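All ligand and atom numbering here is 1-based and tracks the order in the structure. Source: prediction; values computed, not measured.
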Amino acid sequence: MIYNIINLEERFKRDIERLFDLFKSDGDQLVYDHSQLETDDMITIEFHYHINYSLIFVQAKVLNRMDTITFEHDRTISLETDEQIRKVVKQGISYVWIQILEHLTGKKHDWGILTGIRPTKLYHRLSRKLPYDEVNRTLARDYLLKPNKIALLREIVQRQLQVIPDLYQIDEEVSLYIGIPFCPTKCAYCTFPAYAITGRNGTVEDFLKGLEYEIEQIGKWLKNSGRKVTTIYFGGGTPTSIEADQLDHLFQQLVRWIDLQSVREITVEAGRPDTITNDKIDVLNRWNVDRMSINPQTFTQETLNVIGRHHTVEETIEKFHLARQMNVNNINMDLIIGLPGETLKELQYSLEQIHQLQPESLTIHTMAFKRASYLTKNKEEFEITDPEEIQRMMDYATTWTKKNDYQPYYLYRQKNMLGNLENIGYSREGKESLYNILIMEEKQTIIGLGSGAVSKLIAPKSDTVIRFPNPKEPRAYIETVKESTMKKIKQLNQIFHS
Ligand code: SF4
């Protein structure tokens, strides 16, 4: 079917295309202002909107050979800037468009008009002004969210506030993200900064020197400006790809320059089990790392081979037991729903294995086709799971986690996710990752150090997020680290008026 949109301003086209992508079937197409209005395989949708004092009124007529159906919606505007007004008009148009798409396709979109990454942020914002029941009504009425998603958001937001009671006042502190951009091999779906590492080499040593410089400078800035650090997260890449003595030296530099007294949590991603050794766990324990991730993604060996994760399922299990024997008592495991060739059967098997291991937290991602990944560029090489099966897998995971006492505590969505679902972090009570909540809800500045680390600078009492990315590629990072650290500090001074 061809959907012919007429009379829609250029600035709203991207939004309706995003929603269209969620509903379209094979062969469906969106065109604009096609002169031929009605054919057997074309439906024309004509948009109009006008603003009258404090009200915007949106109307869309759906015209086909048989009849004309009109969809209408109005919403209040109490905002002043052009950008704020544009946002409300966009919401009105999206609202009408979703209703048309649901009517024409018979499909439902549980997230309503929300296409953004962080729906929990909206829930937080509304719940600071309104009682919970009113928030829920607003989400259903103005955003067309279905009850299952509203309940999920409410559960997550309430949990976050239990875990970080000062979440709304934590903006004077900062968290640190330390990016180590190396991995043993690159996974097919990955777009993170992850450069192949083969033991000890010059690039790694040079990179670590650059990182130490950044730690020193940011440490001095923290001290001079009197800022406390809430959490520290080592990600990448896989931080445990570097050698144990390199990791140890990095921690020495961290405690040398940064006061860790206020730090509530340190996490180290050890995502690839093939990088974990006794010596490295020993280092993490010595430096009181609170939380560690060992990521199976799946417990089906054929899938691991297909996606280029050159480790075995046995290795994941073995390294998990090793960490346990060495008294690591907060382990997260990641699974991905919808890896190539996988169905509900493989997910059930993975969850059986998780049940055997009993990690403290479990993050369930849905496969996303990121533009720059090998998988997206070479889709024809892979067997892609269909959206209905993905939905069944997600439903199974939701029921399974509830039954096994894993509660959701953070959530985010990505573009081009299979089945348009979400990624959800679950944990046992008291084992939530504070950093994950802080980065997702954007309630404080996160200073990114290392290759590919993106700083998110948020002035106290502000909602504006300024992104400051470090170069992804280690060589470029090494060459620019001095200059870019100074720029970052300048921006930090502006944000915090120090
Ligand atoms: S282990 Fe993680 S960071 Fe490394 S290549 Fe795979 S997905 Fe990317």
Min side-chain heavy-atom separation Trp111-Glu422 under 4.5 Å: yes

Modelled atom types, side-chain donor and acceptor of Tyr410 and Glu432, under 3.5 Å: no

Listed protein N/O/S atoms, distance to atom 6 (Fe) of ligand 1 under 2.8 Å: Cys187 SG

Validation row, ring centre Tyr406 to ring centre Tyr426 under 6.0 Å: no

Sole residue of Asn295, Asn332, Asn423 in side-chain hydrogen bond (donor to acceptor under 3.5 Å, both in side chains) with Thr363: Asn332

No-hydrogen, no-angle side-chain donor-acceptor test under 3.5 Å, Glu346 and Thr300: no

Within 45° cone of Tyr213 ring axis and under 6.0 Å: Lys482 NZ or CZ: yes

